[in-house]
Amino acid sequence: QVTLVESGGGLVQAGGSLRLSCATSGRTFSNYDMAWFRQAPGLEREFVAVINWEGGGTEHAAFGKGRFTISRDYAKNTVYLQMNSLNVEDTAVYYCAAQPTKRTVVSGLRNDYDYDFWGQGTQVTVSS
């Protein structure tokens with residue numbers, strides 16, 4: 001099975017940027033559709049973005065469109081989430097997820113139950 005390790009979280013002021021990384025190991029990276037989710041205190045985990053195994057299909061949650069960008073680097077077996085113009089509402093633990101579904105269309109991969117493999121999460125805190 002694939003192992004996922006997130007990094008890049010931290011404390012940032014509103015309006016700032018962070019780039020999260022999710023390093024994978026254990027299985028062929030290119031076989032996996034990859035996603036980011038987040039969970040704020042007291043709230044359910046929610047979808048942030050997904051990128052398909054080929055890298056050509058992506059979707060972003062409405063709150064992240066124009067601010068967040070998911071990408072993947074096959075040479076580094078890593079998926080990224082670039083987050084710009086952060087606001088206090090973006091404060092959450094961000095999780096990386098993987099599933100070997102190899103979808104061309106990723107619109108059906110927005111639920112956490114679509115993924116069997118998860119990282120431990122990285123905390124993002126945005127101060128006002």
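Quick caveat, the model's predicted, so the values are computed rather than measured.
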Donor-acceptor list for residues 78-85 side chains, cut-off 3.5 Å, not counting sequence neighbours:
| residue | atom | partner | partner atom | Å |
| --- | --- | --- | --- | --- |
| Thr78 | OG1 | Lys76 | O | 2.8 |
| Gln82 | NE2 | Asn84 | OD1 | 2.9 |
| Asn84 | OD1 | Ser17 | OG | 2.9 |

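Ion pairing between Asp112 and Arg45 holds under the 4.0 Å rule for side-chain N and carboxylate O.
Across every non-hydrogen atom of Asn31 and Trp53, the tightest pair is C-CB, 4.2 Å. Summarising the geometry of Ser107 relative to Glu59, their closest heavy-atom pair is CB-OE2, 3.3 Å, with the distance given to 0.1 Å. Across all non-hydrogen atoms, the minimal contact from Ala14 to Ser128 is CB-CA, 4.4 Å.
Tyr32 contributes atom OH, which lies 9.0 Å from atom CG of Leu4 (distance to the nearest 0.5 angstrom). The distance from atom CD of Glu44 to atom CD of Glu46, rounded to the nearest 0.5 Å, is 10.0 Å. Rounding to the nearest 0.5 Å places OG1 of Thr122 at 6.0 Å from CG of Leu20. Atoms CD1 and CH2, from Ile70 and Trp36 in turn, are 8.0 Å apart once rounded to the nearest 0.5 Å. Atoms OH and CD, on Tyr94 and Glu6 in that order, are 12.5 Å from each other to the nearest 0.5 Å. Separation of atoms CE (Met34) and OG1 (Thr24) is listed at 6.0 Å; rounding is to 0.5 Å.
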Does the side chain to side chain contact (heavy atoms under 4.5 Å, CB included) test come out yes or no for Leu109 and Thr101, once each step is laid out?
-> CA-CA 9 Å; Leu109 293 174; Thr101 34; 4.0 Å; yes
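When Val124, Asp90, Val93 are each tested for a side chain to side chain contact (heavy atoms under 4.5 Å, CB included) with Arg38, only one passes: Asp90.
Residues Asn87 and Arg67 form a side-chain contact, since some pair of their non-hydrogen atoms from C-beta on lies under 4.5 Å apart. By the 4.5 Å heavy-atom criterion applied to side chains, Leu18 and Leu86 are counted as neighbours. No side-chain heavy atom of Val50 sits less than 4.5 Å from a side-chain heavy atom of His60.
Taken together through direct or relayed side-chain contacts under 4.5 Å among Ile, Leu, Val, Met, Phe, Trp and Tyr, Trp118 and Val106 form part of one hydrophobic cluster. Tracing side-chain contacts under 4.5 Å through hydrophobic residues (I, L, V, M, F, W, Y), one reaches Tyr74 starting from Ile51; they form part of the same cluster.
Under the ring-ring contact (aromatic ring centres under 6.0 Å, His included) criterion, Tyr115 pairs with Phe37, sequence neighbours left out. Under the rule for a side-chain contact (heavy atoms from CB on, under 4.5 Å), the partners of Ser25 that lie at least two apart in sequence or sit in another chain are Thr3.
One side chain, Asp116 or Gln99, offers a donor N or O that lies under 3.5 Å from an acceptor on the other.
Residue Arg27 places its CZ atom among 12 or fewer non-hydrogen atoms of other residues, nucleotides or ligands, all under 6.0 Å distant. Around the CD atom of Gln120, the shell of radius 6.0 Å holds more than 12 heavy atoms that belong to other residues, nucleotides or ligands.
Under the 3.5 Å distance criterion, the side-chain polar atoms of Asn52 are left unmatched by any main-chain donor or acceptor of Asp33. Using modelled atom types, no side-chain atom of Asn111 and backbone atom of Asp114 make a donor-acceptor pair closer than 3.5 Å. Using a distance-only test at 3.5 Å, with no hydrogens or angles considered, no donor-acceptor pair links the side chain of Asn77 to the main chain of Phe29.
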